Q: 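Take this structure first; my questions come after.
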Amino acid sequence: MKQVEATKPTRGRPSRRPQILAAAEALIRTQGLTRATTRAIADQAGCSEAAIYVHFENRLQLLLAVLEESLPDMLVPLHALEQSIGKSTPQRNLGKALRAIFTFHERVIPMLCGLFADPELLTAYRHSLATRNKGPHGAISRLQKYIAAEQKLQRIDKSLDAQTAATTLMANSFFKAFQTQFFDEPQPSSASFKKIVAAAIGKS
């Protein structure tokens, strides 16, 4: 399967791609994946179905692009984490990263859960992640590297298993986001994220 790519917009006209992606995500979040048809997405975006196919070859590529659109929510803060080694405190640095990871999870969980109702899209998304070496393991690896780097600086206990701590942070974020969405609960407080970090790496 080809990677998701946007085709060039018609010369002289602004691209409708951002509006189409936003419309598709809004429909998935509010009405579910099965109701996010190209016709419904076009109506939501205020364009024709033909306009969708200017940017996406088919519905699968459009929906894959929606899922991938949210990745910067998590990747940017994780990149910043690498620049935070030895600065501030590990607890604060990981707290900021955890908040960003939670924001990403909260955004994508409604879409990810919907994938199980669409086996074709689920298979395509798995393939897309595998061919580009993307997925939860990437974020866990970045967290692990940061924790290991802080251990070398003796700012985190060296006896801690960095991979387990990184996985614990990721798992807690995902569960918190699922819980918030499923039970329509308020977002976790800053104190909650501090407790999660403390449980994963210890207190300062």
Side-chain angles (χ1 to χ4, degrees), residues 18 20-37 40-41 43-45 59-60 62-78 80-81 90-126 128-129 134-144 146-147 161 163-204:
I20 292 169
L21 287 171
E25 181 176 345
L27 280 173
I28 294 170
R29 292 178 66 87
T30 59
Q31 299 185 32
L33 188 61
T34 56
R35 293 191 178 183
T37 63
I41 293 168
D43 289 343
Q44 180 83 5
R59 178 175 176 268
L60 275 177
L62 168 56
L63 296 177
L64 286 173
V66 172
L67 289 165
E68 293 165 5
E69 189 78 5
S70 57
L71 283 175
D73 288 350
M74 181 172 64
L75 292 180
V76 172
L78 285 177
L81 188 62
Q91 288 74 17
R92 288 182 181 177
N93 295 335
L94 286 171
K96 290 180 181 179
L98 184 61
R99 168 65 76 174
I101 293 170
F102 171 84
T103 298
F104 166 77
H105 282 152
E106 188 179 40
R107 180 177 177 183
V108 301
I109 275 179
M111 295 182 278
L112 292 177
C113 289
L115 287 175
F116 292 98
D118 192 330
E120 182 183 12
L121 181 59
L122 176 59
T123 299
Y125 189 52
R126 285 172 176 164
S128 176
L129 291 176
K134 290 187 176 181
H137 63 280
I140 291 174
S141 177
R142 289 183 181 278
L143 289 169
Q144 179 182 349
Y146 170 78
I147 293 170
D161 185 273
Q163 183 177 19
T164 299
T167 303
T168 297
L169 290 170
M170 180 67 73
N172 270 279
S173 170
F174 188 87
F175 179 74
K176 283 286 186 183
F178 175 83
Q179 188 177 31
T180 299
Q181 295 280 323
F182 191 83
F183 293 105
D184 193 24
E185 296 180 347
Q187 291 189 350
S189 64
S190 297
S192 296
F193 288 112
K194 289 181 180 178
K195 289 180 181 179
I196 293 172
V197 171
I201 67 166
K203 296 181 180 180
S204 56

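The residues of the chain are indexed from 1 along the displayed sequence. Please read all numbers here as calculations on a predicted model, not as lab measurements.
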Q: Quick one: list whatever passes salt bridge (Lys or Arg N to Asp or Glu O under 4.0 Å) with Arg59, sequence neighbours left out.
A: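 By the salt bridge (Lys or Arg N to Asp or Glu O under 4.0 Å) rule, Arg59 matches Asp118.
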Q: Does Ile147 reach the side chain of Pro90, with side-chain heavy atoms less than 4.5 Å apart?
A: no
Q: Quick one: are Pro77 and Leu81 in side-chain contact, heavy atoms under 4.5 Å?
A: no
Q: Please check if the number of heavy atoms outside Glu120 that lie under 6.0 Å from its CD is greater than 12.
A: no
Q: Check the pair Lys194, Val197 against side chain to side chain contact (heavy atoms under 4.5 Å, CB included), reporting the backbone distance first and the verdict last.
A: CA-CA 5 Å; Lys194 289 181 180 178; Val197 171; 5.8 Å; no
Q: Which pairs would a plain distance check flag for residues 164-171, meaning a side-chain donor or acceptor within less than 3.5 Å of a matching protein atom at least two apart in sequence or in another chain?
A:
unit_1 : atom_1 : unit_2 : atom_2 : d
Thr164 : OG1    : Asp161 : OD1    : 2.8
Thr167 : OG1    : Gln163 : O      : 2.9
Thr168 : OG1    : Thr164 : O      : 2.7

Q: Working note: Leu143 + Ile101, criterion side chain to side chain contact (heavy atoms under 4.5 Å, CB included); need CA distance, chi angles, decisive distance, verdict.
A: CA-CA 11 Å; Leu143 289 169; Ile101 293 170; 3.9 Å; yes
Q: Does the side chain of Leu27 reach to within under 4.5 Å of the side chain of Arg35, using non-hydrogen atoms?
A: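 Leu27 vs Arg35: side chains apart.
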Q: Hey, could you give me the CG/CZ distance between Leu94 and Arg99, rounded to the nearest 0.5 Å?
A: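 With rounding to 0.5 Å, CG (Leu94) is 14.5 Å from CZ (Arg99).
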Q: Looking at every non-hydrogen atom in both residues, tell me the closest pair between Gln91 and Gly202 and how far apart they are.
A: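 Where Gln91 meets Gly202 most closely, the heavy atoms are NE2-O, 3.3 Å.
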Q: Quick check on side-chain contact (heavy atoms from CB on, under 4.5 Å): which of Leu63, Leu60, Leu112 does Tyr125 satisfy it with?
A: Leu112
Q: Walk me through whether Thr180 and Glu106 qualify under side chain to side chain contact (heavy atoms under 4.5 Å, CB included).
A: CA-CA 8 Å; Thr180 299; Glu106 188 179 40; 3.6 Å; yes
Q: Heavy atoms, side chains only, cut-off 4.5 Å: are Phe193 and Lys176 in contact?
A: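 SC-SC contact between Phe193 and Lys176 ruled out.
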